[in-house]
Amino acid sequence: MRKKILVTGGAGFLGSHLCEKLLNQGHEVVSLDNYFTGQKQNIVHLLKSPYFEIIRHDVTMPFFIEVDEIYNLACPASPIHYQYNAIKTIKTSVMGSINMLGLAKRVKAKILQASTSEVYGDPKIHPQTEDYWGHVNPIGTRSCYDEGKRCAESLFINYHRQNDVRIKLIRIFNTYGPRMDPEDGRVISNFIVQALKNKDITIYGNGEQTRSFCYVDDLLEGMVRLMNTPDSFIGPVNVGNPGEFTIKQLAETVIRLTNSKSKLVYEPLPEDDPMQRQPDISLARKELGWEPTIALEDGLKPTIEFFKSII
Ligand code: NAD
Ligand code: UDP
């Protein structure tokens, strides 16, 4: 059945791939974006489809449209972008969620929230399971993002409890792939761009902190599967690749895959930078029948090709 689907943040890295995937599945897709970190170039190629529309709008303002499903992805995701205007980041998560939940309630749409592994903060249990409440500094420089996303989860669950809105909560772990913004300061984009230019690779701290990197295609498969689960399953559910790497290992892998002459340099660790992160994906395996299929090196290759094409 062809569904009408709204994707907020549709011009961003994940949103643009999601719009493409949903269109390919035969749905009618509307991208809503204020182009803070996303770009029209990410989605302009989709306009050749009569089933695709783009709307410039800010989710902090109310919006009305008749749709069957809403994927709420609008929110800057990289530390430098979400800290650029911290108050706006909180408003985007909180007021954006209120506006989109109000819309979902009014038109009886199902709504998915792009939450994050950041709700676990600098986690004290490892790997992270969904029942872990997290270890977040509420007044730190990352709190505009972390607490905004935590409040969004609370809004979602309460619209569900109080108003029977059909919700889905996905906790996304670090995801990478083509169309990442080369300027957004995230580790994969930084390292690949630095390696391709044979510039120093900037490791923050001693490089022993870990992250688990999921390729965009795997992530979106999990996200769409979650949206299509029965209404009784709402999550939250971790979606990410459990393969865990130190930042130093990542740097060495990128240097090898790009045949780069770059050297590693060490810079101070940003405030509240989590020391470890790895999703426990047992719940996703059980409820979504999902697990990642693309190993880090296999995902890095097309990502490197993408960055070669744009720099
Ligand atoms: P992105 O910055 O590329 O995309 C976010 C999009 O939202 C951009 O197109 C931006 O212009 C838009 N946007 C921001 N504020 C808005 C507003 N007020 N109104 C309308 N549009 C607005 O980031 P991404 O990596 O594609 O992340 C998408 C979502 O997934 C975000 O909600 C992010 O928090 C979440 N997430 C991503 C990751 C990851 O590793 N990429 C990890 C965890 C969670
Ligand atoms: N990082 C780094 N060098 C960089 C960019 C990031 O060492 O040029 C580190 C950063 O300190 C963090 C990890 O890589 O420990 C992941 O950073 P990113 O901003 O990509 O994601 P997040 O911290 O939100 O998981």
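Ligands are counted one by one from 1 in listed order, and the atoms in each one are counted from 1 as well.
Heavy-atom distances between Lys149 and ligand 1 reach below 4.0 Å in at least one pair.
Closest protein heavy atom to atom 31 (C) of ligand 1: Leu73 O, 3.2 Å. The protein heavy atom nearest to atom 43 (C) of ligand 1 is Ile172 O, 3.2 Å. The protein heavy atom nearest to atom 17 (C) of ligand 1 is Asn34 ND2, 3.3 Å.
Of all the atoms in ligand 1, the ones that sit under 4.0 Å from a non-hydrogen atom of Ala74 are 7 (O), 20 (C), 21 (N), 22 (C). Shown in contact with Thr116 at under 4.0 Å from a heavy atom are these atoms of ligand 1, numbered in order with element: 43 (C), 44 (C). Those atoms of ligand 1 that come under 4.0 Å of a heavy atom in His57, given as number and element, are 19 (N), 20 (C). Taking every non-hydrogen atom of Ala11 and a distance limit under 4.0 Å, the qualifying atoms of ligand 1 come out as 9 (O). Of all the atoms in ligand 1, the ones that sit under 4.0 Å from a non-hydrogen atom of Gly9 are 6 (C), 7 (O), 9 (O), 12 (C). Interface of Ser115 with ligand 1, defined as ligand atoms under 4.0 Å from a residue heavy atom, comprises 44 (C). Counting the atoms of ligand 1 from 1 in the order shown, those under 4.0 Å from a heavy atom of Gly38 are 8 (C), 9 (O), 10 (C), 11 (O). The distance from ligand 1 to the heavy atoms of Thr175 drops below 4.0 Å at these ligand atoms: 39 (C), 40 (O), 41 (N).
Between Pro76 and ligand 1, no N or O atom pair is found at a separation short of 3.5 Å. Inclusion of Thr92 in the set of residues having an N or O under 3.5 Å from an N or O of ligand 1 is warranted. Considering backbone and side-chain N/O of Lys88, none are found under 3.5 Å from N/O of ligand 1. For ligand 1, the polar-atom distance check against Asn174 finds no nitrogen or oxygen pair separated by under 3.5 Å. Considering backbone and side-chain atoms together, Asp33 places an N or O closer than 3.5 Å to an N or O of ligand 1. The distance criterion of under 3.5 Å between nitrogen or oxygen atoms is met by Leu14 with respect to ligand 1. Taking any N or O of Ser117, backbone or side chain, none lies under 3.5 Å from an N or O belonging to ligand 1.
Under 4.0 Å from any atom of ligand 2, one finds heavy atoms of residues Pro79, Glu118, Arg142, Asn174, Gly185, Arg186, Val187, Asn190, Phe191, Thr202, Ile203, Tyr204, Gln209, Arg211, Ile247, Pro270, Asp273, Arg277.
Under 4.0 Å from ligand 1, not a single heavy atom of Lys91 appears. Within the 4.0 Å heavy-atom criterion, the part of Tyr35 lying near ligand 1 is the backbone and not the side chain.
For the pair Asp184/Thr37, no side-chain contact is recorded, criterion being any heavy-atom separation below 4.5 Å from C-beta on. Asn228 is listed as a side-chain neighbour of Glu69, based on a closest heavy-atom distance under 4.5 Å.
Distances from atom 1 (P) of ligand 1 to the heavy atoms of Thr37, Thr60, Ile188, Thr8 show the closest one on Thr37. For atom 25 (O) of ligand 1, the nearest non-hydrogen atom from the set Arg56, Arg186, Met223 belongs to Arg186. By heavy-atom distance, the residue among Cys214, Ala77, Gly96, Gly12 lying nearest atom 23 (O) of ligand 1 is Ala77.
Checked against side-chain contact (heavy atoms from CB on, under 4.5 Å), Pro127 has the following partners two or more places apart in sequence or in another chain: Gln278, Asp280. Applying the side-chain contact (heavy atoms from CB on, under 4.5 Å) rule to Asp217 yields the partners Tyr215, Ile294; only residues at least two apart in sequence or on another chain are considered. For His57, the ring pair (Phe, Tyr, Trp, His ring centres under 6.0 Å) partners two or more places apart in sequence, or in a different chain, are Phe63.
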